[in-house]
K.L.:
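What follows is a single structure, and I will ask about it in a moment.
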Amino acid sequence: MAMLAKIYLEITNRCNLSCAFCPPTRRRAESMTREAFELYLNRIEGQGERLYFHVKGEPLLHPSLGSFLGLAADRGFGVSITTNGSLLRERAAELLGSGNVRKLSVSLHSHALSNSVEAYWEGVSAFLDLHRARSGFPVSLRLWNRGLRGLPPETERLWELIRARYPAAAEWEGASSSPDAVKLDDRVYLNQAELFAWPELSRPPLSTKGFCRGLRDQAAVLVDGTVVPCCLDGEGDMALGNLRDGPLAEILASPRARAIYEGFSRRELAEPLCRSCGYRTRFD
């Protein structure tokens, strides 16, 4: 297999919110130790271009976020981070000072679980003020399902606050077709995405045929070192091996990994979990 574009590294599966669009994990809550993080870096080195500190959980909850960014930088890895945005103000110094963050994605729709949308946006805005003053990584502010009829009702107040700060967001208003991205400021973008059904073994299969970028563009490592084909296998149902036992290259060469990869090449879904994935269907 060629070098992966993305390796998702779940530094914690703990989260301070419980959003409807992100099914909670059934796994034991834990955070990656420094010892484990360094071991996993050793085992994945040379196999991927960029780390993504996310599968489940909120990466900004990890107390060693700053040192993990530094350790990744020492190995030549850039890091992308996906966050619910609730802790951006508190972790701003580490994020903006690392020099190793390549992209920050903020799931603004998470605000529905906060006590106050105004307080939530105030924290995000405080981070954006600091970000504006420094050169560096792009920030993607993400909202679900922005369409011709507007946003879901629970997002309307947040939308007002976004437009008040960024008049350019009005480009989404009245558009004949809703753009995927709007530039709001220097290195700040508003992005939309469609909701999708997370894969779940208990769900009836959507199809037995199809394609996916899993194991071509990406693989994921859960907090305990379990390697899975993609970032949507949040329970480790397609466990391919564990980085505690050996390097990623050997795990990706295992019979199960090869069967998944070669099945996608034939447009056949070798794994039951893939057959239930609503995200995968966009590749069909």
Side-chain angles (χ1 to χ4, degrees), residues 3-16 31-108 110 120-142 165-166 181-191 217-223 225 231 243 248:
M3 181 180 289
L4 301 168
K6 308 173 185 178
I7 298 178
Y8 289 84
L9 191 56
E10 184 187 63
I11 62 174
T12 182
N13 62 4
R14 303 176 190 272
C15 192
N16 57 333
S31 295
M32 196 174 289
T33 65
R34 180 187 177 100
E35 178 185 33
F37 185 78
E38 292 186 297
L39 173 65
Y40 300 160
L41 288 181
N42 285 337
R43 298 280 166 88
I44 65 177
E45 196 166 7
Q47 298 300 306
E49 299 173 9
R50 185 181 296 188
L51 301 181
Y52 285 66
F53 282 1
H54 182 66
V55 177
K56 290 292 183 72
E58 170 51 55
L60 271 57
L61 276 175
H62 202 297
S64 299
L65 174 66
S67 64
F68 281 11
L69 288 169
L71 290 167
D74 291 343
R75 303 299 183 88
F77 285 109
V79 177
S80 290
I81 294 177
T82 297
T83 173
N84 62 37
S86 63
L87 300 172
L88 279 172
R89 177 160 41 190
E90 291 82 350
R91 308 307 295 268
E94 291 156 291
L95 292 169
L96 296 170
S98 75
N100 193 41
V101 178
R102 297 294 179 262
K103 183 179 180 181
L104 180 74
S105 297
V106 185
S107 299
L108 293 180
S110 304
Y120 172 85
W121 181 244
E122 180 183 351
V124 174
S125 290
F127 172 82
L128 292 169
D129 288 340
L130 295 169
H131 174 267
R132 179 186 286 161
R134 306 189 185 197
S135 60
F137 53 83
V139 175
S140 169
L141 303 177
R142 305 194 308 189
R165 179 182 173 99
Y166 296 117
V182 174
K183 185 174 182 179
L184 301 179
D185 200 351
D186 182 31
R187 296 166 289 118
V188 179
Y189 302 86
L190 185 63
N191 296 91
D217 287 353
Q218 65 166 281
V221 182
L222 303 183
V223 67
C231 63
L243 291 182
L248 182 62

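Index from 1, following the sequence. Quantities reported herein were computed from a predicted structural model and do not represent experimental measurements.
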K.L.:
Would you say N42 and R75 make side-chain contact, with heavy atoms under 4.5 Å?
P.N.:
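SC-SC contact between N42 and R75 confirmed.
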K.L.:
Mind checking whether L184 and R165 have side chains closer than 4.5 Å, heavy atoms only?
P.N.:
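Sidechains of R165 and L184: no contact.
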K.L.:
Check the pair L248, Y40 against side-chain contact (heavy atoms from CB on, under 4.5 Å), reporting the backbone distance first and the verdict last.
P.N.:
CA-CA 9 Å; L248 182 62; Y40 300 160; over 6 Å; no
K.L.:
For a 4.5 angstrom cut-off between non-hydrogen side-chain atoms, does L51 reach L41?
P.N.:
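When only atoms from C-beta onward are counted, L41 and L51 do touch, with a gap below 4.5 Å.
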K.L.:
Is the backbone of L243 close enough, under 3.5 Å, to the side chain of R43 for a donor and an acceptor to pair up by distance?
P.N.:
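Yes; at least one donor-acceptor contact below 3.5 Å.
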K.L.:
Of all heavy-atom pairs between S86 and N16, which one has the smallest distance, and what is that distance?
P.N.:
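Minimum heavy-atom separation between S86 and N16: OG-ND2, 2.9 Å.
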K.L.:
Considering only heavy atoms from C-beta outward, does the side chain of L128 approach that of L141 to under 4.5 Å?
P.N.:
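Heavy-atom side-chain distance check passes, below 4.5 Å.
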K.L.:
What I'd like to find out is whether the side chain of N13 reaches to under 4.5 Å of the side chain of L222, using heavy atoms alone.
P.N.:
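No, side chains not in contact.
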K.L.:
Compute whether any side-chain donor of one residue and acceptor of the other, for E58 and T12, lie under 3.5 angstrom apart.
P.N.:
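No.
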K.L.:
For F77 and L71, run side-chain contact (heavy atoms from CB on, under 4.5 Å): C-alpha distance rounded to whole Å, both residues' side-chain angles, the deciding distance at 0.1 Å, then the answer.
P.N.:
CA-CA 9 Å; F77 285 109; L71 290 167; over 6 Å; no
K.L.:
For residues N191 and S140, report the shortest heavy-atom separation together with the two atoms involved.
P.N.:
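Closest approach of N191 to S140, heavy atoms only: OD1-OG, 2.7 Å.
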K.L.:
I'd like to know whether Y166 forms a side-chain contact (heavy atoms from CB on, under 4.5 Å) with V188, so could you lay out the CA-CA distance, the side-chain angles of the two residues, the decisive distance to 0.1 Å, and finally the verdict.
P.N.:
CA-CA 10 Å; Y166 296 117; V188 179; 4.0 Å; yes
K.L.:
List the residues meeting ring-ring contact (aromatic ring centres under 6.0 Å, His included) with H54, not counting sequence neighbours, and say none if there are none.
P.N.:
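Checked H54 against ring-ring contact (aromatic ring centres under 6.0 Å, His included); zero matches.
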K.L.:
Measure across E94 and P63 and return the closest heavy-atom pair with its distance rounded to 0.1 Å.
P.N.:
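Residues E94 and P63, closest heavy atoms: OE2-O, 4.4 Å.
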K.L.:
Could you walk me through whether L9 and V79 pass the side-chain contact (heavy atoms from CB on, under 4.5 Å) check?
P.N.:
CA-CA 10 Å; L9 191 56; V79 177; over 6 Å; no
K.L.:
For residues Q218 and L4, determine if any side-chain heavy atom of one lies less than 4.5 Å from a side-chain heavy atom of the other.
P.N.:
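Side chain of Q218 against side chain of L4, heavy atoms only: no contact under 4.5 Å found.
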K.L.:
Identify, with sequence neighbours excluded, every residue that meets ring-ring contact (aromatic ring centres under 6.0 Å, His included) alongside F137.
P.N.:
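Expected list: H131.
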K.L.:
Show the nearest heavy-atom pair for residues A92 and F127, with the distance to one decimal.
P.N.:
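Closest pair (atom of A92, atom of F127, distance): CB-CD1, 3.7 Å.
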K.L.:
Say you draw a straight line from CG of N84 to OG of S105; how long is it, rounded to the nearest 0.5 Å?
P.N.:
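Here the interatomic distance stands at 12.5 Å.
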K.L.:
Name the orientation class of the two ring planes belonging to F53 and F68 (parallel below 30°, tilted from 30 to 60°, perpendicular beyond 60°).
P.N.:
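Aromatic pair F53/F68 classed perpendicular.
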K.L.:
Could you tell me whether the side chains of S98 and N100 share a donor-acceptor contact shorter than 3.5 Å?
P.N.:
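Absent: no donor and acceptor within the cut-off.
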K.L.:
Rounded to the nearest 0.5 Å, what's the gap from OG1 on T83 to CG on L60? Could you check?
P.N.:
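Those atoms lie 4.5 Å apart.
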K.L.:
Show the nearest heavy-atom pair for residues E49 and M3, with the distance to one decimal.
P.N.:
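That closest heavy-atom pairing would be CG-SD, 3.6 Å.
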K.L.:
Rounded to the nearest 0.5 Å, how far apart are CE of M32 and CZ of F37?
P.N.:
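If we round to the nearest 0.5 Å, M32:CE and F37:CZ are 7.5 Å apart.
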K.L.:
For G57 and C15, work out which heavy atoms get closest and say how close.
P.N.:
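Answer, listing the atom of G57 first, then C15: CA-CB, 4.1 Å.
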K.L.:
What's the spacing between R91 CZ and L61 CG if we round to 0.5 Å?
P.N.:
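Between R91 CZ and L61 CG, I get 8.0 Å after rounding to 0.5 Å.
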K.L.:
Once you round to the nearest 0.5 Å, how far does CD1 of I81 lie from CD1 of I11?
P.N.:
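That separation rounds to 7.0 Å.
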K.L.:
Any non-hydrogen side-chain atom of S107 less than 4.5 Å from a side-chain atom of T82?
P.N.:
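With C-beta onward as the side chain, the pair touches.
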K.L.:
Name the residue from R50, R102, K103 that meets the side-chain hydrogen bond (donor to acceptor under 3.5 Å, both in side chains) definition with S80.
P.N.:
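Among R50, R102, K103, the one meeting side-chain hydrogen bond (donor to acceptor under 3.5 Å, both in side chains) with S80 is R50.
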K.L.:
Nearest 0.5 Å please: distance from the NE2 atom of H62 over to the OG atom of S67.
P.N.:
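OG of S67 is found 8.0 Å from NE2 of H62.
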K.L.:
Would you indicate whether the side-chain heavy atoms of L95 and L65 approach each other to under 4.5 Å?
P.N.:
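Heavy-atom side-chain distance check passes, below 4.5 Å.
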